[in-house]
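For the numbers below, each heavy atom of this structure counts, side chains included, while hydrogens, waters and symmetry mates do not. These numbers were taken from a predicted model, which means no experiment stands behind them.
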Amino acid sequence: MSPTQIILLIAAYFIVLILISYFTGQEDSNDSFFKANKSAPWYLVAFGMIGASLSGVTFISVPGAVETKQFGYLQVVFGYFFGYLVIAYVLLPLYYRMNLTSIYTYLRDRFGNTSYKTGSVAFLISRTVGAAFRLFLVAKVLQLLVFDNLGMPFPVTVIITIALIWLYTFKGGIKTIIFTDTLQTLFMLISVVVTISFLATALDLNGISEIYTNVKDSTMSRVFFLDDSNDAQFFIKSFLAGMFITITMTGLDQDMMQKNLTCRNLKDAQKNMVVFSIVLIFVNILFLALGLMLTQYAQQNGITATKDDLFPTIAMLPEIGILTSAFFILGLIAAAYSSADSALTSLTTSFCIDIIELDKKPENKQKGIRKRVHILVSIVLVAVIILFDSLFKDVSVIWELFKAAGYTYGPLLGLFAFGILTKTELKDKYVWIIALIAPILSYFINMYSAELFNGYKIGFEILIVNGLLTYLGLILIRRK
């Protein structure tokens with residue numbers, strides 16, 4: 001596809017999103033923006049959460065990592081499943097019982113205002129970094145495919161990317177996102193299926209059975225790594241990391257929980273979570289199979305692109321055909337924006353509810369304040385993405401995202417675990433100190449893990465270490 005064709009496709013796609021925004025955002029109230037009036041159908045939430053959970057990072061990085069990491073990522077995905085069960089039957093009942101808009105309000109009621117603000121700030125940092133990673137990857141791809149040819153600098157690409165999200169979320173908020181995420185998840189899955197169909201033809205694979213046999217017999221389809229406990233992909237490490245990544249990055253994350261809290265009641269929210277967790281396993285298998293076939297196609301045709309460049313490079317080859325290329329662009333944009341739009345909304349929600357306590361402001365000024373915060377959050381995201389461009393060049397973004405999550409979400413894991421598992425009160429004014437020290441200690445433990453633990457290298461499980469250090473730190477400041 002030519003840059004002009006890609007721009008026209010993107011424009012048409014966003015016209016559809018803006019139309020959805022127009023019809024869903026007519027009420028333009030804070031209750032609609034923050035909670036969708038608690039009337040969202042659970043099945044729409046579940047389907048839309050697939051796209052929000054996967055994001056552009058999964059769309060690009062998971063297939064690109066198969067060549068070096070095989071199907072080891074599936075061990076993490078199995079951990080996800082059990083993490084979602086914890087969310088469904090431990091965290092969601094708590095959130096619904098307290099009728100929360102921001103889940104961090106729980107920390108205020110349990111420990112005090114400092115804990116509440118600490119949890120909120122931890123989320124704001126975590127989600128800003130996470131959303132920036134996701135959008136950074138997509139902006140890089142769009143820069144490569146379109147804007148480099150037009151002579152447009154990367155910062156302008158980023159500004160356009162964020163501005164488009166702001167445009168269709170500034171009125172309807174989470175109510176709009178419930179519907180746009182559904183559409184975007186559909187486009188993403190169609191894109192993967194279309195690309196696999198092309199690759200099957202190119203690799204002389206006829207039908208699903210031959211595709212399955214090809215994947216099963218490949219050395220790249222190894223799932224379980226059980227031999228070396230020092231390996232970063234060792235099964236127990238990957239499984240536990242996946243479980244705790246899910247509990248924190250979904251269950252303790254305002255972004256993902258805000259969608260669940262739009263369901264009519266707890267039972268609907270739990271159905272949403274269980275169905276979503278099962279479907280997500282099969283969707284990730286689809287992405288891994290895609291990565292294997294992309295790698296085979298690259299090897300067969302002398303294509304040297306690897307990691308995050310693999311899928312975009314192959315998808316835009318002339319021999320791929322305009323239909324496959326078009327669906328790749330749609331899938332990439334859909335995957336990226338289904339995650340990023342909800343991040344923009346949840347960051348706005350958390351800042352309004354938790355930091356500036358919007359409900360205490362004059363009622364006639366609340367909507368205007370919310371809209372200004374929405375713009376402010378958009379500007380911050382632009383700045384962070386541009387910063388990432390100077391820090392992360394030749395990396396697989398999904399692994400960097402999980403590394404960052406291990407440090408930023410650890411204090412949330414420790415705080416919520418302490419609150420739920422104990423009845424102990426804390427010296428609330430010292431909580432922020434523990435939340436600051438724990439990630440710093442975790443960083444040094446991770447850096448010197450091989451020396452400290454006889455060759456054992458910490459991977460994604462740094463999140464567990466961080467959460468445990470926070471938990472132990474909170475014990476030190478408990479009230480006698």
Side-chain angles (χ1 to χ4, degrees), residues 50-51 53-80 133-134 137-138 140-141 144 185 187-205 208 210-225 232-233 238 242 279-317 320 324-325 327-332 334-336 339 394-402 460:
I50 294 171
S53 174
L54 294 173
S55 79
V57 173
T58 305
F59 192 81
I60 297 295
S61 282
V62 168
V66 168
E67 182 179 8
T68 56
K69 298 183 180 294
Q70 294 89 51
F71 276 26
Y73 179 63
L74 203 55
Q75 300 175 123
V76 180
V77 175
F78 292 145
Y80 289 170
F133 261 125
R134 292 173 171 93
L137 177 58
V138 177
K140 274 205 326 180
V141 173
L144 174 68
T185 298
F187 275 124
M188 182 186 68
L189 296 179
I190 291 173
S191 173
V192 174
V193 171
V194 168
T195 307
I196 287 177
S197 298
F198 166 81
L199 292 169
T201 302
L203 297 170
D204 295 321
L205 302 173
I208 295 175
E210 289 194 15
I211 294 174
Y212 170 77
T213 302
N214 173 63
V215 171
K216 180 174 69 71
D217 293 343
S218 172
T219 56
M220 289 184 286
S221 64
R222 179 185 178 187
V223 173
F224 297 105
F225 292 75
Q233 289 201 102
S238 296
V279 172
L280 197 62
I281 293 175
F282 294 99
V283 171
N284 274 288
I285 292 173
L286 199 64
F287 272 99
L288 289 165
L290 170 64
L292 186 149
M293 294 171 70
L294 284 168
T295 303
Q296 290 175 329
Y297 183 84
Q299 292 170 347
Q300 179 178 291
N301 292 274
I303 297 169
T304 58
T306 59
K307 295 182 181 178
D308 291 348
D309 292 333
L310 178 64
F311 194 3
T313 298
I314 293 177
M316 301 312 293
L317 291 172
I320 290 292
T324 305
S325 295
F327 272 109
F328 166 76
I329 294 296
L330 283 175
L332 173 64
S339 171
D394 184 29
V395 297
S396 183
V397 172
I398 191 166
W399 308 108
E400 297 302 320
L401 174 61
F402 286 155
F460 296 154

* **Test log, rule side-chain contact (heavy atoms from CB on, under 4.5 Å), inputs Val194 and Ile190** => CA-CA 6 Å; Val194 168; Ile190 291 173; 4.0 Å; yes
What's the separation between atom [atom1] in [X] and atom [atom2] in [Y], rounded to the nearest 0.5 Å?
| X | Y | atom1 | atom2 | value |
| --- | --- | --- | --- | --- |
| Ser191 | Ile196 | OG | CD1 | 9.5 Å |
| Phe328 | Phe198 | CZ | CZ | 13.5 Å |
| Met293 | Ser218 | CE | OG | 11.0 Å |
| Thr324 | Leu199 | OG1 | CG | 8.5 Å |
| Leu310 | Thr304 | CG | OG1 | 10.0 Å |

Can you confirm whether [X] sits close enough to [Y] that some side-chain heavy atom of one is under 4.5 Å from a side-chain heavy atom of the other?
| X | Y | value |
| --- | --- | --- |
| Leu290 | Thr195 | yes |
| Leu189 | Val193 | no |
| Gln299 | Glu67 | yes |
| Val77 | Tyr80 | yes |
| Met188 | Leu330 | no |

* To do: Examine distances only and state if a side-chain atom of Thr201 and a backbone atom of Ser197 form a donor-acceptor pair shorter than 3.5 Å.
  => yes
Closest approach of [X] and [Y], non-hydrogen atoms and distance?
| X | Y | answer |
| --- | --- | --- |
| Leu203 | Gln300 | CD2-OE1, 3.5 Å |
| Pro63 | Leu294 | CB-CD1, 4.0 Å |
| Phe71 | Ala289 | CZ-N, 3.7 Å |
| Thr313 | Ala305 | OG1-CB, 3.6 Å |
| Phe225 | Gln75 | N-OE1, 2.9 Å |
| Ile320 | Ile314 | CG1-O, 2.8 Å |

* Worked check of side-chain contact (heavy atoms from CB on, under 4.5 Å) between Tyr73 and Val76 -> CA-CA 5 Å; Tyr73 179 63; Val76 180; 4.2 Å; yes
* For Phe224, is the NZ or CZ atom of Arg222 found under 6.0 angstrom from the centre of its six-membered ring and inside 45 degrees of the ring axis? -> no
* Are Phe287 and Leu74 close enough, and set up right, to give a side-chain contact (heavy atoms from CB on, under 4.5 Å), and what steps lead you there? -> CA-CA 10 Å; Phe287 272 99; Leu74 203 55; over 6 Å; no
* Would you sort out whether Asn214 and Gln296 count as a side-chain contact (heavy atoms from CB on, under 4.5 Å), showing the intermediate values? => CA-CA 10 Å; Asn214 173 63; Gln296 290 175 329; 2.9 Å; yes
